[in-house]
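What follows is a single structure, written as structure tokens, with notes after it.
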Amino acid sequence: MTTLMTVLGIVVFVVGLLFSIAWHELGHLSTAKLFRIRVPQYMVGFGPTIWSRHKGETEYGIKAIPLGGYIRMIGMFPPGDDGKVATRSTSPWRGMIEDARSAAFEELQPGDEKRLFYTRKPWKRVIVMFAGPFMNLILAVVIFLGVLMGFGINTQTTTVSTVSDCVISQSENRDKCVDGDPASPAKAAGLKPGDTIVAFNGERVADWGTLQDRIRDTIGPATITVERRGETEVLKANLVENRVAKNDGNGRTVPGEYVTAGFLGFSPATGVVKQSFAQSADRMGDMIASGAEALIDLPSKVPALWDAAFGDGEREPDSPMGVVGAARVGGEVFNLDIPPEQRVATMLFLVAGFNLSLFLFNMLPLLPLDGGHIAGAVWESVRRTAARVFRRPDPGPFDVAKLMPVAYVVAGIFICFTLLVLVADLVNPVRIS
């Protein structure tokens with residue numbers, strides 16, 4: 001049964017992956033056709049074609065390796081300075097430029113002169129290249145909203161799980177009371193496991209984050225309104241000053257850092273709680289910010305990733321993970337000892353996170369990514385606008401093909417990083433519990 005559920009989880013993730021790729025390329029395809037750019041191919045995957053069908057002027061198909069996708073547009077790059085599409089050079093770098101330019105004009109047909117990508121205004125090219133990542137962002141937002149508002153997420157609540165017997169500074173790293181430790185304010189006030197705190201000092205509290213902030217801001221007498229076995233009781237407590245774990249701006253504990261704050265002395269229970277639209281939007285904002293920070297920090301994680309793949313280092317929970325690792329996690333999700341609806345919610349969260357990563361990664365202003373083409377179109381617009389303002393000759397289209405040697409270097413770095421992640425995912429994978 002475990003093997004069957006693992007395989008099912010992997011299959012479900014792969015289907016979600018393929019849909020995400022197809023959805024991304026659909027953004028490029030639909031906007032390209034909107035602006036009458038000819039698109040000979042729309043493909044999901046790389047490598048040998050396993051299925052394809054022609055409809056109109058476009059071939060739609062699926063390829064064997066589900067690690068990406070593409071559409072092929074005629075005239076991605078303008079002709080060279082000599083007006084020619086294909087020439088040859090003895091310089092390897094120049095040859096890369098000429099090969100890219102020649103490939104952009106493959107299958108050129110009569111009448112295509114007015115349907116070339118590079119002939120479209122810069123703002124139209126920006127829309128075409130942005131549409132793909134934007135589709136991933138839309139899908140991520142829709143899934144995140146659906147899961148947060150429809151299923152809910154496992155989070156800390158205002159229900160009491162355990163009550164501390166005494167006051168212990170969290171910086172001491174101990175959980176047993178010793179002689180001389182004063183009783184915790186919660187225990188002295190009569191707080192019990194199972195109580196649900198509904199108000200603090202007469203003000204309603206609906207979530208753990210709000211309650212924790214009010215507790216930490218209070219030193220001295222306070223009233224705690226609880227629901228206990230269907231009845232409401234008001235308890236009186238005298239909060240004390242204590243060293244507690246520091247939280248970041250998102251409510252997560254900062255390891256090894258402590259602050260002085262008010263202390264009550266209980267641990268909150270966790271439960272699946274549906275989020276409001278405002279709470280969901282706030283969480284999505286945090287996810288996008290965290291994803292952007294993780295992307296910026298990616299180079300700093302390479303040494304630890306290398307050690308995890310080829311040394312004896314442990315794989316960090318926030319370590320970069322590739323498609324193989326994510327599929328493996330998908331298999332583990334379906335084996336978690338949680339209710340079936342939470343397995344579905346977790347899998348959807350995984351697919352949504354993948355789409356968010358696709359959006360952020362593709363927006364990097366580097367060729368061959370979509371962000372690199374967007375940057376080229378924006379730069380062309382700036383150059384042409386400046387030429388009009390200063391009454392200079394029109395510089396013409398910006399030749400992105402001249403950046404292809406840089407694109408090959410970037411692609412090489414991406415391939416090496418992908419292989420490193422693949423090895424780590426195989427020999428030392430990220431696991432969930």
Side-chain angles (χ1 to χ4, degrees), residues 148-254 257-283 285-286 338-339 341-342:
L148 292 170
M149 299 176 66
F151 291 89
I153 57 171
N154 196 46
T155 187
Q156 292 174 310
T157 67
T158 60
T159 298
V160 178
S161 175
T162 60
V163 177
S164 303
D165 291 325
C166 60
V167 178
I168 301 176
S169 172
Q170 291 184 2
S171 60
E172 294 182 19
N173 293 320
R174 62 182 175 93
D175 55 8
K176 293 185 178 180
C177 299
V178 298
D179 292 341
D181 288 338
S184 73
K187 189 173 184 65
L191 197 64
K192 297 179 179 180
D195 290 348
T196 298
I197 299 175
V198 296
F200 185 83
N201 273 339
E203 296 184 10
R204 301 287 296 181
V205 289
D207 59 87
W208 166 245
T210 302
L211 177 59
Q212 184 184 48
D213 289 343
R214 291 182 182 174
I215 290 172
R216 292 192 170 198
D217 290 341
T218 304
I219 298 175
T223 59
I224 305 167
T225 305
V226 302
E227 288 185 353
R228 179 182 296 170
R229 292 190 289 272
E231 297 182 357
T232 300
E233 296 186 25
V234 178
L235 308 178
K236 294 182 179 180
N238 189 34
L239 278 65
V240 298
E241 188 178 88
N242 194 17
R243 294 284 291 172
V244 296
K246 181 181 178 180
N247 289 340
D248 63 13
N250 299 319
R252 292 187 290 263
T253 299
V254 179
E257 295 188 30
Y258 303 91
V259 294
T260 299
F263 179 77
L264 181 56
F266 77 95
S267 298
T270 59
V272 177
V273 180
K274 292 183 179 180
Q275 307 291 293
S276 67
F277 178 80
Q279 289 173 319
S280 300
D282 187 52
R283 281 185 177 271
D286 292 339
I338 56 177
E341 61 270 17
Q342 287 305 307

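None of the values given here were measured: they were computed from a predicted structure. Computed from heavy atoms alone, side chains included, the values below leave out hydrogens, waters and symmetry copies.
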Next item on the list: Would you check, one step at a time, whether the test side chain to side chain contact (heavy atoms under 4.5 Å, CB included) holds for R283 with L148?
Entry: CA-CA 9 Å; R283 281 185 177 271; L148 292 170; 4.0 Å; yes

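- V272 has its side chain out of reach of E341: every pair of non-hydrogen atoms, C-beta onward, lies at least 4.5 Å apart.
- Applying the disulfide (SG to SG under 2.5 Å) rule to pairs touching residues 157-228 yields C166-C177, sequence neighbours excluded.
- Rounded to the nearest 0.5 Å, atoms OG1 (T158) and CD (Q212) are 12.5 Å apart.
- A donor-acceptor pair is defined here as one N or O able to donate and one able to accept, closer than 3.5 Å; such a pair exists between the side chain of Q279 and the backbone of S276.
- In this structure, OG1 on T196 lies 12.0 Å from CZ on R229, to the nearest 0.5 angstrom.
- Scanning both residues, A189 and A237, for their nearest heavy atoms gives CB-CB, 3.7 Å.
- Identified under the ring-ring contact (aromatic ring centres under 6.0 Å, His included) test for residues 169-219, with sequence neighbours left out: W208-F266.
- The shortest heavy-atom contact between V163 and K187 is CG1-N, 3.8 Å.
- The shortest side-chain heavy-atom distance between R204 and V198 falls under the 4.5 Å cut-off.
- Scanning both residues, G220 and N238, for their nearest heavy atoms gives C-OD1, 3.1 Å.
- For the pair M149 and S280, the tightest heavy-atom approach, listed with the atom from each and the gap, is CG-OG, 3.3 Å.
- You'll find the side chain of L264 reaches within 4.5 Å of the side chain of I224, heavy atoms only.
- Atoms CZ and OG1, from R243 and T260 in turn, are 4.5 Å apart once rounded to the nearest 0.5 Å.
- In this structure, CG on D165 lies 10.5 Å from CG on D181, to the nearest 0.5 angstrom.
- Under the 3.5 Å distance criterion, the side-chain polar atoms of S164 are left unmatched by any main-chain donor or acceptor of S184.
- G271 and T157 get closest at one heavy-atom pair: N-CG2, 3.9 Å.
- Note: I219 CD1 to N242 CG = 9.5 Å, rounded to the nearest 0.5 Å.
- Residues V167 and P185 meet the side-chain proximity criterion, which asks for heavy atoms closer than 4.5 Å.
- Among pairs with a residue in residues 213-227, those fulfilling side-chain hydrogen bond (donor to acceptor under 3.5 Å, both in side chains) read E203-R214, at least two apart in sequence or across chains.
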